Asker: 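One structure, pasted below without further comment.
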Amino acid sequence: MARRYWLLKSDPDTFGIEHLKAARDRTTMWDGVRNFQARNYLRDGIAVGDGVLFYHSQWKPPAVVATARVVRTGYPDPTQFDPRSPGHDPRSKREAPRWFVVDVQLDRELKCPVTLPQIRATPELQEMILIRRGRLSVQPVTADEWRIVTRLGGL
DNA sequence: GCCAACGTTGGC
DNA sequence: GCCAACGTTGGC
């Protein structure tokens, strides 16, 4: 299967590019997603080797800041079983987990972040789910969109 | 911090 | 199966 592309949003106050750079192997488990549509992509859609646009949400302005690569896919989010975790979900059972994660490894930091206003202002990017439908923290990106965004970012 | 968009939940 | 209530997301 051809390599596919995704955009993953994270609030940098919780987990941002600086955290990822500091992580062991520059790799992190992408936990905490609690939206079913996003969950389905994490569980069923994303494959090892797929490309990731790392996006800082809740930032001024929000922006794509780096590319990353998927290094492990589709396993249960351990935080859902942890009563002390903010991600705890009492409805999750070990044998029937509700929430899933992938592992991503930092690839390249963009030379200049590609901001949401910039994306909105780019005619070729009008079909991005980021624009068409907000509030989805895991979303597919086309190969064309990937190429345009990374180019705007100076890669 | 507000609130709009959207999805899930649950009473009936 | 409808739909109002509720929770989450995320731009502003």
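Here the structure is a predicted model, which means the values were calculated and not measured. Just so we're on the same page: letters track the sequence lines, and every chain starts at 1.
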Asker: Would you indicate, yes or no, if C/dG10 has its OP1 or OP2 atom less than 4.0 angstrom from a side-chain nitrogen or oxygen of A/K9?
Answerer: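 For A/K9, the contact criterion (side-chain N or O under 4.0 Å from OP1 or OP2 of C/dG10) is met.
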Asker: Do the non-hydrogen side-chain atoms of A/S92 and A/P97 ever get within less than 4.5 Å of each other?
Answerer: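 No, every pair of side-chain atoms sits at 4.5 Å or beyond.
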Asker: Once you round it to whole Å, what is the distance between P of B/dT8 and CG of A/L136?
Answerer: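 Rounded to whole Å, this separation is 11 Å.
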Asker: In this structure, how many angstroms lie between the P atom of C/dG7 and the NE2 atom of A/H88, rounded?
Answerer: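 Rounding to the nearest Å, NE2 of A/H88 and P of C/dG7 are 17 Å apart.
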Asker: In whole angstrom, what separates A/Q37's CD from B/dG7's P?
Answerer: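 Value for this atom pair: 6 Å.
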Asker: Examine the side chains of A/T142 and A/D144 and answer whether a donor and an acceptor come within less than 3.5 Å of each other.
Answerer: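 A/T142 vs A/D144: no donor-acceptor pair found between side chains.
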Asker: Would you find a donor on one side and an acceptor on the other, under 3.5 Å apart, between the side chain of A/D44 and the backbone of A/Y41?
Answerer: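 Absent.
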Asker: Can the positive tip of A/R3 be found less than 6.0 Å from the middle of the six-membered ring of A/W146, inside 45° of the ring normal?
Answerer: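 Yes, A/R3 and A/W146 form such a contact.
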Asker: Measure distances between side-chain N and O atoms of A/R133 and base N and O atoms of B/dA5, and say whether any donor-acceptor pair falls under 3.5 Å.
Answerer: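 Answer no: no donor N or O sits under 3.5 Å from an acceptor.
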Asker: What's the closest nucleotide to the A/Q58 side chain, out of B/dA5, B/dC6, C/dG11?
Answerer: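 It is C/dG11.
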Asker: Round to the nearest Å and state the distance from A/M128 atom CE to C/dG10 atom C1'.
Answerer: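 It is 16 Å, rounded to the nearest whole Å.
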Asker: Please report the distance, rounded to the nearest Å, between CG in A/N35 and P in C/dT8.
Answerer: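 It works out to 11 Å between those atoms.
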Asker: How many whole angstroms separate atom CG of A/D13 from atom P of C/dT9?
Answerer: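 Distance check: A/D13 CG to C/dT9 P gives 15 Å.
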Asker: Minimum heavy-atom separation for A/L136 to A/A38, with atom names?
Answerer: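 Shortest heavy-atom contact: CD1-N, 3.9 Å.
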Asker: Less than 4.0 angstrom between a side-chain N/O of A/Y55 and OP1 or OP2 of C/dG11, yes or no?
Answerer: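 For A/Y55, the contact criterion (side-chain N or O under 4.0 Å from OP1 or OP2 of C/dG11) is met.
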Asker: Taking the nucleotide of DNA chain B with the nearest heavy atom to each, does A/R132 or A/R98 sit closer to the 5' end?
Answerer: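 Its nucleotide being nearer the 5' end, the pick is A/R132.
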Asker: Taking only the side-chain nitrogens and oxygens of A/R34, find out if one of them lies under 4.0 Å from OP1 or OP2 of B/dT8.
Answerer: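 No, because none of the side-chain N or O atoms of A/R34 sits under 4.0 Å from OP1 or OP2 of B/dT8.
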Asker: Does A/V33 offer a backbone N or O that forms a donor-acceptor pair with the side chain of A/R39 under 3.5 Å?
Answerer: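 Answer holds: no.
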Asker: Between A/L106, A/L20, A/L8, A/L7, which is the residue that forms a side chain to side chain contact (heavy atoms under 4.5 Å, CB included) with A/F54?
Answerer: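 When side chain to side chain contact (heavy atoms under 4.5 Å, CB included) is applied between A/F54 and each of A/L106, A/L20, A/L8, A/L7, only A/L20 qualifies.
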Asker: Do the side-chain N or O atoms of A/R120 get closer than 4.0 angstrom to the phosphate oxygens (OP1, OP2) of C/dC12?
Answerer: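 It does, given that an N or O in the side chain of A/R120 lies less than 4.0 Å from OP1 or OP2 of C/dC12.
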Asker: Counting a pair only when it is Watson-Crick or G-U and both distances are under 3.5 Å, which runs of at least 3 such pairs involve DNA chain C?
Answerer: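 Stem segments, range with range: B:1-12 with C:1-12.
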Asker: Roughly, in whole Å, what's the span from OH in A/Y41 to P in C/dT9?
Answerer: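 The answer, rounded to whole Å, is 17 Å.
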Asker: Rounded to the nearest angstrom, tell me the gap between atom CH2 in A/W59 and atom P in C/dC12.
Answerer: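 The answer, rounded to whole Å, is 16 Å.
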Asker: When we call it a touch if two heavy atoms are under 4.0 Å apart, what does A/R39 touch: a base, just sugar-phosphate, or nothing?
Answerer: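 The answer is nothing, as A/R39 stays clear of every strand by at least 4.0 Å.
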Asker: Of the candidate nucleotides C/dG10, B/dT9, C/dG11, which contains the atom at the shortest distance from the side chain of A/R135?
Answerer: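 Of C/dG10, B/dT9, C/dG11, C/dG10 is nearest to the side chain of A/R135.
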